[in-house]
Amino acid sequence: MDIRALRAFVEVVRQGGFSHAAKTVFVTQSAISKSVRQLEDEIGVPLLERIGHNNRMTAAGEVVYARALRILAEREDLLAELDEIRGLKRGALHLGLPPIGSNTLFAPVFALYRKRFPGIDIRLVEQGSTRLEEMLQSGELELGASLLPTTGDFDAQPVRCEPLVALLPNDHPDAHKPRITFDDLRDTPLILFEKGFALNRILIDAARRRKVEPVIAARSSQIDFITELVAAGLGVSFLPRMIAQQRPHPGLKYIELNEADTQWDMAMIWRRNGFLSHAAKAWLEIVREIYPTASALPAHSPVNHI
């Protein structure tokens, strides 16, 4: 049923005739007559009785008029809600963030976004970067944070690039070195994050480039637990420098990992050529505002002992 035909019929009733209705909706009188006639043909019964120059609704016309008022009102409500979404007064953002580093990097973004767009519902998923990439590919998320390079076909907005540091117990033979490689750690087991964390992939690839097949001593999603395992002598683990600096431990040495292509390069990513809502675009604008020179941040700089 054509919305324009319903509107024409309602205005004929409201204005008391075809000529006044035509002026109200800015069309010709013949166009109004044609719309009402098409509506009557579709319904199969007359809606108006034409008595001289007057028009009176039939029983069917009264039913259609009442329903048409509701339909037109619902249409206006729909358009108003869409306008609110376009104006970022309402809507939803489907966002995925990893557990590592999000409190430092994305809490400021989250706070500014909430301040500017309080009506947007942020539907947050927290997973490792690999799992977030899968959810982006399937359309479950619009935006996600992941480490570069990604494993899928994504566009990216850089956020922060940090060197990785190795966490070693104080009594490790290489704990005195200013930098360390996987050659140095050939006989030391690794303590990694749970499966689904992109950092694992970066580390294992770097070890294998050195012809080192890593032995995995343990996995955890909890940074504090991992640091305690290292301090207890179970193996070596790795963190981005900024996160390691937030967690000093008297039983650990923090040493820069001197391997190519092992930086912690965090970015916001989304499906290439995928649709981005106004809410998602606004999130990216705030990321660019807070991290305007992210792509120019140094990937490696001396760390030594923290």
Side-chain angles (χ1 to χ4, degrees), residues 92-114 121-167 190-206 216 218-227 229-230 237-247 254 257 261-272 274 276 279-280 283-284 286-288 290-291 294-295 297 299:
L93 172 63
H94 297 265
L95 176 69
L97 298 178
I100 304 175
S102 289
N103 60 328
T104 300
L105 293 180
F106 298 111
V109 180
F110 201 110
L112 186 54
Y113 191 90
R114 176 61 65 217
D121 179 18
I122 301 178
R123 299 173 186 175
L124 179 63
V125 173
E126 295 179 279
Q127 293 284 348
S129 294
T130 301
R131 174 60 182 144
L132 293 180
E133 290 179 19
E134 294 171 355
M135 296 179 76
L136 284 165
Q137 291 282 31
S138 67
E140 296 172 71
L141 297 174
E142 278 191 276
L143 291 175
S146 186
L147 296 184
L148 301 178
T150 63
T151 58
D153 193 18
F154 299 105
D155 286 324
Q157 168 63 38
V159 175
R160 181 147 180 161
C161 189
E162 286 278 316
L164 290 176
V165 296
L167 283 60
L190 303 187
I191 301 171
L192 299 180
F193 285 90
E194 292 286 359
K195 293 180 180 178
F197 284 70
L199 181 56
N200 296 342
R201 180 183 72 242
I202 292 171
L203 292 167
I204 291 173
D205 288 348
I216 313 301
R219 293 179 183 269
S220 176
S221 60
Q222 302 299 317
I223 295 177
D224 290 340
F225 184 50
I226 287 174
T227 57
L229 290 177
V230 174
S237 194
F238 303 86
L239 288 174
R241 177 180 59 183
M242 69 170 194
I243 297 175
Q245 288 173 332
Q246 297 168 358
R247 288 173 163 80
Y254 299 79
L257 180 61
D261 300 322
T262 56
Q263 63 269 23
W264 188 78
D265 197 355
M266 181 62 70
M268 294 302 308
I269 65 171
W270 59 96
R271 278 186 303 120
R272 185 161 296 154
L276 282 181
W283 176 275
L284 290 175
I286 292 177
V287 169
R288 295 184 187 107
I290 294 178
Y291 302 106
S295 59
L297 288 174

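Taking each heavy atom of Ser237 and Ile226 in turn, the nearest pair found is OG-CG2, 3.2 Å. Closest approach of Ala279 and Tyr113 over heavy atoms only: O-OH, 2.9 Å. Listed here is the closest heavy atom pair of Ala145 and Leu97: CB-CD2, 3.9 Å. For the residue pair Thr262 and Ala206, the shortest heavy atom distance occurs at CG2-CB, 3.3 Å.
Thr227 OG1 to Tyr254 OH: the interatomic distance, rounded to the nearest 0.5 Å, is 6.5 Å. For the atom pair Ile286 CD1 and Met268 CE, the distance stands at 11.5 Å (nearest 0.5 Å). For the atom pair CZ (Phe238) and CD1 (Ile243), the distance works out to 14.5 Å, reported to the nearest 0.5 Å. Here the straight-line distance linking atom CG of Leu239 with atom CG of Leu164 works out to 8.5 Å at 0.5 Å rounding. Remark: Arg123 CZ to His94 NE2 distance equals 4.5 Å, nearest 0.5 Å. Distance check, rounded to the nearest 0.5 Å: CG of Leu143 to CG of Leu276 gives 5.5 Å.
Remark: Ala107 engages no residue in a side chain to side chain contact (heavy atoms under 4.5 Å, CB included) (not counting sequence neighbours). Arg247 is linked by a side chain to side chain donor-acceptor pair (under 3.5 Å) to Asp224, counting only residues two or more places apart in sequence or in another chain. Qualifying side chain to side chain contact (heavy atoms under 4.5 Å, CB included) partners for Asp155, counting only residues two or more places apart in sequence or in other chains: Trp270, Arg272. For the salt bridge (Lys or Arg N to Asp or Glu O under 4.0 Å) test, residues two or more places apart in sequence or in another chain that qualify with Glu134 are Arg131. Qualifying side chain to side chain donor-acceptor pair (under 3.5 Å) partners for Asp205, counting only residues two or more places apart in sequence or in other chains: none. Ala156 meets the side chain to side chain contact (heavy atoms under 4.5 Å, CB included) test with Leu148, Ala267, Ile269; sequence neighbours excluded. Applying the side chain to side chain contact (heavy atoms under 4.5 Å, CB included) test to Leu229 and every residue at least two apart in sequence or in another chain returns Ile191, Ala218, Phe225, Leu234. For Glu126, there are no side chain to side chain donor-acceptor pair (under 3.5 Å) partners, not counting sequence neighbours. Residues passing the side chain to side chain donor-acceptor pair (under 3.5 Å) test with Ser129, sequence neighbours excluded: none.
The closest side-chain donor-acceptor pair between Ser138 and Glu140 falls under 3.5 angstrom. Gln137 and Arg271 share no side-chain donor-acceptor pair at under 3.5 Å.
Side chains of Val125 and Met135 form a contact here, defined as non-hydrogen atoms less than 4.5 Å apart. Looking at heavy atoms from C-beta onward, Leu257 lies out of side-chain contact with Val165 at the 4.5 angstrom threshold. At least one side-chain heavy atom of Met266 sits under 4.5 Å from a side-chain heavy atom of Pro98.
Here side-chain hydrogen bond (donor to acceptor under 3.5 Å, both in side chains) pairs that include residues 99-108, with residues two or more places apart or in two chains, are Thr104-Gln246.
Formation of a donor-acceptor pair under 3.5 Å by the Glu162 side chain with backbone atoms of Met242 is found in this model. Although no hydrogens or angles enter the test, the distance criterion places a donor-acceptor pair under 3.5 Å between the side chain of Tyr291 and the main chain of Leu105.
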Exercise for the section: Test side chain to side chain donor-acceptor pair (under 3.5 Å) on Glu133 and Ser146 and set out the steps. Expected result: CA-CA 7 Å; Glu133 290 179 19; Ser146 186; 2.6 Å; yes

Problem - Leu147 vs Asp265, side chain to side chain contact (heavy atoms under 4.5 Å, CB included): CA-CA, chis, key distance, verdict - result: CA-CA 5 Å; Leu147 296 184; Asp265 197 355; 5.7 Å; no

Output side-chain donor-acceptor pairs under 3.5 Å for residues 193-202, partner residues at least two apart or in another chain, one line each.
from: Asn200; atom 1: OD1; to: Phe193; atom 2: N; distance (Å): 3.2
from: Asn200; atom 1: ND2; to: Phe193; atom 2: O; distance (Å): 2.9
from: Asn200; atom 1: ND2; to: Glu194; atom 2: O; distance (Å): 3.0
from: Arg201; atom 1: NH2; to: Pro149; atom 2: O; distance (Å): 3.0

